[in-house]
Amino acid sequence: MGGDQFDAPVRDVSRAERDGGGLSRQIFTMMGLKNAKSTEPGPHAALCEARDPEGYYMVRHAWAVHGVPFEGLKQAMERLKKKMPEKGWRIVKYGPDISPAKTLELIADSTGKKFSVAVHLLDERRKGRESRIAVSLASTCHEVTAGKTVTEQ
């Protein structure tokens with residue numbers, strides 16, 4: 001999905017950011033990881049390529065889950081694969097990515113909210129670091145409501 005440049009729906013920036021936050025919370029909940037920690041900050045309006053930066057935007061939210069053993073993170077990925085379609089997500093890809101590490105990747109589109117998500121299971125055990133699940137949520141491009149700009153919320 002990621003942003004159809006020619007058909008940008010009109011949408012209030014703060015509402016789109018709230019939708020992004022809600023979808024991120026939904027994804028975190030579906031992971032089912034008790035005692036996991038997640039990073040901040042929250043969703044934010046970002047530039048929409050090849051569009052007027054004051055009139056068009058997309059919402060991005062990059063975050064990670066950590067503080068859980070690797071096996072727990074692996075199980076969380078399986079839970080996402082199973083539960084996301086039940087919550088209105090269409091799984092586009094599930095399997096190793098194209099990196100040399102062949103990182104487990106899940107890519108899905110929200111069928112109702114015009115968001116896509118890429119989820120990666122990062123195994124950092126050999127590097128002596130904490131493994132994590134990295135989540136990158138992004139909306140399609142939106143046009144701001146009449147009389148407003150991206151910076152005027």
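What you see is a predicted model; the values in this text were computed from it and never measured.
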* Beyond-backbone contact of R90 with V92, side-chain heavy atoms, under 4.5 angstrom -> yes

* Between NZ of K114 and CG of L23, what distance do you get to the nearest 0.5 Å? -> 13.5 Å

* Asked: Could you give all pairs that pass the salt bridge (Lys or Arg N to Asp or Glu O under 4.0 Å) test and reach residues 98-108, with sequence neighbours left out?
  -> K93-E105

* Does the side chain of Y94 come under 3.5 Å of the side chain of E78 through a donor N or O and an acceptor N or O? -> yes

* Assess whether atom CZ of R125 is packed by more than 12 heavy atoms of other residues, nucleotides or ligands within 6.0 Å. => yes

* State, yes or no, whether a side-chain contact exists between V10 and H142 at a heavy-atom distance under 4.5 Å. => no

* Can you tell me if E124 uses its side chain to pair, donor with acceptor, with the backbone of R132 under 3.5 Å? -> no

* Asked: Does the side chain of T145 come under 3.5 Å of the side chain of D12 through a donor N or O and an acceptor N or O?
  -> no

* Separation between CE of M30 and CE of M84, rounded to the nearest 0.5 Å -> 4.5 Å

* To do: Could you tell me which non-hydrogen atom of G20 sits nearest to which non-hydrogen atom of L137, and how far apart they are?
  => O-CD2, 3.3 Å

* Asked: For G72 and R79, which heavy atoms make the closest approach, and how far apart are they?
  -> O-NH2, 4.1 Å

Return a table of donor-acceptor pairs under 3.5 angstrom between the side chains of residues 32-42 and protein atoms on other chains or two or more places apart.
residue: T39; atom: OG1; partner: A64; partner atom: N; Å: 2.9

* Would a 4.5 Å heavy-atom cut-off, applied to side chains only, mark V117 and I107 as touching? -> no

* Structure fact -> Nearest heavy-atom approach of C141 to P9 is O-CD, 3.4 Å

* Measure the spacing between CH2 of W89 and OG1 of T111 and express it to the nearest 0.5 Å. => 9.0 Å

* Does any donor atom in the side chain of W63 or S24 lie under 3.5 Å from an acceptor atom in the other side chain? -> yes

* Considering non-hydrogen atoms only, spot the tightest contact between F115 and A16 and give its length. => CZ-O, 3.7 Å

* Structure fact -> In this structure, CD1 of I133 is separated from CG of L121 (nearest 0.5 Å) by 6.0 Å

* Structure fact -> Residues pairing under salt bridge (Lys or Arg N to Asp or Glu O under 4.0 Å) where one sits in residues 18-31, two or more places apart or in two chains, turn out to be R11-D19, D19-K113

* Asked: For the atom pair NZ (K81) and CD1 (I91), what is the distance rounded to the nearest 0.5 Å?
  -> 8.5 Å

* To do: Output, in order, the C-alpha distance, side-chain angles, deciding distance and verdict of side-chain contact (heavy atoms from CB on, under 4.5 Å) for Y57 and V144.
  => CA-CA 7 Å; Y57 69 96; V144 295; 3.8 Å; yes

* To do: State, with a plain yes or no, whether a side-chain heavy atom of V59 is found less than 4.5 Å away from one of H44.
  => no

* Does H120 offer a backbone N or O that forms a donor-acceptor pair with the side chain of T103 under 3.5 Å? -> no

* To do: Enter the distance from E143:CD to D52:CG here, rounded to the nearest 0.5 Å.
  => 9.0 Å

* To do: State, yes or no, whether a side-chain contact exists between I27 and T29 at a heavy-atom distance under 4.5 Å.
  => no

* For residues S131 and F70, determine if any side-chain heavy atom of one lies less than 4.5 Å from a side-chain heavy atom of the other. => yes

* To do: Give a yes or no on whether R15 atom CZ has more than 12 heavy-atom contacts from other residues, nucleotides or ligands under 6.0 Å away.
  => no

* To do: Identify whether L104 and L122 are in the same connected component of the hydrophobic contact network (ILVMFWY, side-chain heavy atoms under 4.5 Å).
  => no

* Asked: Are V65 and F28 side-chain neighbours, meaning at least one heavy-atom pair lies under 4.5 Å?
  -> yes

